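Quick notes on the structure that follows.
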Amino acid sequence: MQLFKKNAGLAFLLLCCFSWNLNSQTAEVSEETGFPGDNFSLEGALELFKKAKSPEDFEKALNTEDNYVNNLDLNEDGEIDYIRVVDHMEGDVHAIVLQVPISETESQDIAVIEIEKTGPNGAVLQIIGDEEVYGETTIVEPFAIEAENGKGGGPDADLSFKRLVINVWIWPSVRFVYGPRYTLWVSPFAWRVYPRWWSPWRPHPFSWYSVKVRPYRTSFRVVNTHRVVHAHKVYVPQRRTSTTVVKKTTVVRTNRGTAVKRTTTVQGQQGSVGATRSKTTTTGVRTQNGAAAKKSTTTTTAVGRGREGAVVGKRQTTTTTQARSRNGNAAAKRTTKTTTVKRKRKN
């Protein structure tokens with residue numbers, strides 16, 4: 001009887017913990033941000049990838065209306081966008097890109113599933129939502145909850161819970177891409193070149209769509225830790241963005257007064273790899289005379305290597321304040337500061 005009570009109590013606590021986790025995640029999904037990512041579920045994409053037998057099967061599942069994962073209309077033509085899947089592979093890592101053709105000349109990455117092997121029978125996986133679609137880089141991964149006894153032991157022991165990172169090696173799609181006969185999957189479909197079985201549908205309202213994707217959130221979580229580092233390095237040079245989506249995202253950021261962060265990896269003139277990062281923050285302020293103002297600060301940092309292997313860093317900060325004085329006349333103040341640092345390689 002005592003053992004039964006102990007197990008029943010443990011089961012009740014696990015149920016409460018699971019219900020609390022589900023309710024908290026459900027609350028998160030109810031808020032509409034205004035970014036395109038409101039209409040694509042990263043958790044749902046991982047659930048479909050988990051069940052898929054191959055990248056091709058995964059692409060078909062993404063574009064199936066009844067799965068309620070894709071509700072995107074990036075070019076605003078009144079029809080759902082087709083999502084193509086492209087795999088980039090290097091050694092034991094995969095960067096599986098989910099991409100929407102916006103026009104004949106532009107495509108926009110929605111997200112990338114990054115996978116790395118951790119051993120003969122182990123692999124770790126994360127999906128990274130593109131910052132132009134979600135407003136900021138969004139990382140989602142599968143997880144499980146484990147209960148463990150604390151101090152005291154026995155029926156009266158304190159219980160604690162921790163989230164575990166999942167080994168995704170058992171997922172059929174993961175085993176498939178690491179199979180000896182795997183041929184790199186690159187979707188054959190493009191702008192206005194779609195499979196015969198697919199036909200677009202009209203986008204659903206966010207209030208309806210957000211309810212449909214809630215069940216996907218029970219086994220996946222948003223995290224800040226980027227675990228799949230090597231695969232991300234493989235993906236970054238292949239990343240594609242659309243000017244249409246970038247402009248739309250910039251408007252949403254400006255209206256919300258949030259920071260703009262963009263990171264791009266480029267090839268230097270000397271064949272060296274450099275990195276450029278730009279961050280813009282817009283805030284509402286008031287000047288000393290009480291006039292309303294808008295302050296925008298942009299910081300750009302570039303790092304690369306010169307001809308002789310020297311590390312070169314350049315940082316530029318521009319601050320612009322736009323205001324109107326009490327008499328209604330427009331006023332503007334701009335301050336620009338540039339700092340360049342060059343450090344030679346030690347012999």
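What you see is a predicted model; the values in this text were computed from it and never measured.
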Using 4.0 Å as the upper bound for N to carboxylate O, is an ion pair formed by [Y] and [X]?
{"X": "Glu47", "Y": "Lys51", "value": "yes"}
{"X": "Arg202", "Y": "Asp73", "value": "no"}
{"X": "Glu141", "Y": "Arg227", "value": "yes"}

Donor-acceptor check, side chain of [X] to backbone of [Y], threshold 3.5 angstrom: yes or no?
{"X": "Asp77", "Y": "Glu79", "result": "yes"}
{"X": "Glu59", "Y": "Val85", "result": "yes"}
{"X": "Asp109", "Y": "Gln99", "result": "no"}
{"X": "Arg84", "Y": "Ser187", "result": "yes"}
{"X": "Asn67", "Y": "Asn63", "result": "no"}

Checklist entry - With a cut-off of 6.0 Å (strictly less than), are more than 12 heavy atoms of other residues, nucleotides or ligands near CG of Leu184? => result yes
Item to check | Lys117 atom NZ, neighbour heavy-atom count above 12 within 6.0 Å | outcome: yes
Hey, are the side chains of [X] and [Y] touching, using non-hydrogen atoms and a 4.5 Å cut-off?
{"X": "Thr137", "Y": "Ile128", "answer": "yes"}
{"X": "Pro101", "Y": "Ser107", "answer": "yes"}
{"X": "Asn167", "Y": "Val124", "answer": "no"}
{"X": "Thr138", "Y": "Leu42", "answer": "yes"}
{"X": "Leu62", "Y": "Leu48", "answer": "yes"}
{"X": "Asn75", "Y": "Ser103", "answer": "no"}
{"X": "His88", "Y": "Val97", "answer": "yes"}
{"X": "Val251", "Y": "Thr249", "answer": "no"}

Next on the checklist: Using the side chain to side chain contact (heavy atoms under 4.5 Å, CB included) criterion, which residues pair with Thr33? Sequence neighbours excluded.
Outcome noted: Phe35, Asp38, Arg256
Over all heavy atoms of both residues, which pair between [X] and [Y] is shortest? Give the atoms and the distance, please.
{"X": "Tyr68", "Y": "Tyr209", "result": "O-CE1, 3.5 Å"}
{"X": "Pro36", "Y": "Leu72", "result": "O-CD2, 3.3 Å"}
{"X": "Val213", "Y": "Ser41", "result": "CG1-CB, 3.9 Å"}
{"X": "Pro203", "Y": "Gly78", "result": "CD-O, 3.4 Å"}
{"X": "Ala95", "Y": "Ala231", "result": "CB-O, 4.0 Å"}
{"X": "Ala52", "Y": "Pro172", "result": "O-CB, 3.6 Å"}

Checklist entry - For the ring pair Trp169 and Tyr178, is the centre-to-centre distance below 6.0 Å? => result yes
Next on the checklist: Under 6.0 Å between ring centres: does that hold for Tyr182 and Phe176?
Outcome noted: yes
Item to check | Lys233, His232, His226 screened by side-chain contact (heavy atoms from CB on, under 4.5 Å) with Val229, the one that passes | outcome: Lys233
Item to check | Residue among Ile83, Ile110, Asn39, Leu98 satisfying side-chain contact (heavy atoms from CB on, under 4.5 Å) with Asn70 | outcome: Ile83
Are [X] and [Y] close enough that a side-chain donor and a side-chain acceptor fall under 3.5 Å?
{"X": "Glu132", "Y": "Thr241", "result": "no"}
{"X": "Glu114", "Y": "His230", "result": "no"}
{"X": "Ser242", "Y": "Glu106", "result": "yes"}
{"X": "His94", "Y": "Asp87", "result": "yes"}
{"X": "Glu90", "Y": "Tyr235", "result": "no"}

Check for me, please, whether [X] and [Y] land in the same ILVMFWY cluster - side-chain distances under 4.5 Å, paths through other members count.
{"X": "Tyr216", "Y": "Val133", "answer": "yes"}
{"X": "Val140", "Y": "Ile166", "answer": "yes"}
{"X": "Phe40", "Y": "Val222", "answer": "yes"}
{"X": "Trp185", "Y": "Val177", "answer": "yes"}
{"X": "Val168", "Y": "Ile113", "answer": "yes"}

Item to check | salt bridge (Lys or Arg N to Asp or Glu O under 4.0 Å) against Lys248, all qualifying residues, sequence neighbours excluded | outcome: Glu76
Checklist entry - Which pairs count as ring-ring contact (aromatic ring centres under 6.0 Å, His included) when at least one residue sits in residues 96-142, sequence neighbours excluded? => result none
Checklist entry - Should His204 and Glu65 be marked as a side chain to side chain contact (heavy atoms under 4.5 Å, CB included) after you check the CA-CA gap, both sets of side-chain angles, and the distance that decides it? => result CA-CA 11 Å; His204 298 287; Glu65 183 177 6; 3.6 Å; yes
Checklist entry - Stepwise, does the side chain to side chain contact (heavy atoms under 4.5 Å, CB included) test hold for Phe49 with Val174? => result CA-CA 9 Å; Phe49 186 72; Val174 175; 4.0 Å; yes
[X] [atom1] to [Y] [atom2] distance, which is reported to the nearest 0.5 Å:
{"X": "Leu125", "Y": "Ile115", "atom1": "CG", "atom2": "CD1", "answer": "5.0 Å"}
{"X": "Lys60", "Y": "Lys53", "atom1": "NZ", "atom2": "NZ", "answer": "11.5 Å"}
{"X": "Phe143", "Y": "Phe220", "atom1": "CZ", "atom2": "CZ", "answer": "9.5 Å"}

Next on the checklist: By the definition ring-ring contact (aromatic ring centres under 6.0 Å, His included), identify the one residue from Trp198, Trp191, Trp201 that meets it with Tyr82.
Outcome noted: Trp198
Next on the checklist: Show, in sequence, the C-alpha distance, side-chain angles and deciding distance for Ile96 and Val112, and conclude whether the side chain to side chain contact (heavy atoms under 4.5 Å, CB included) test is met.
Outcome noted: CA-CA 5 Å; Ile96 300 177; Val112 55; 5.7 Å; no
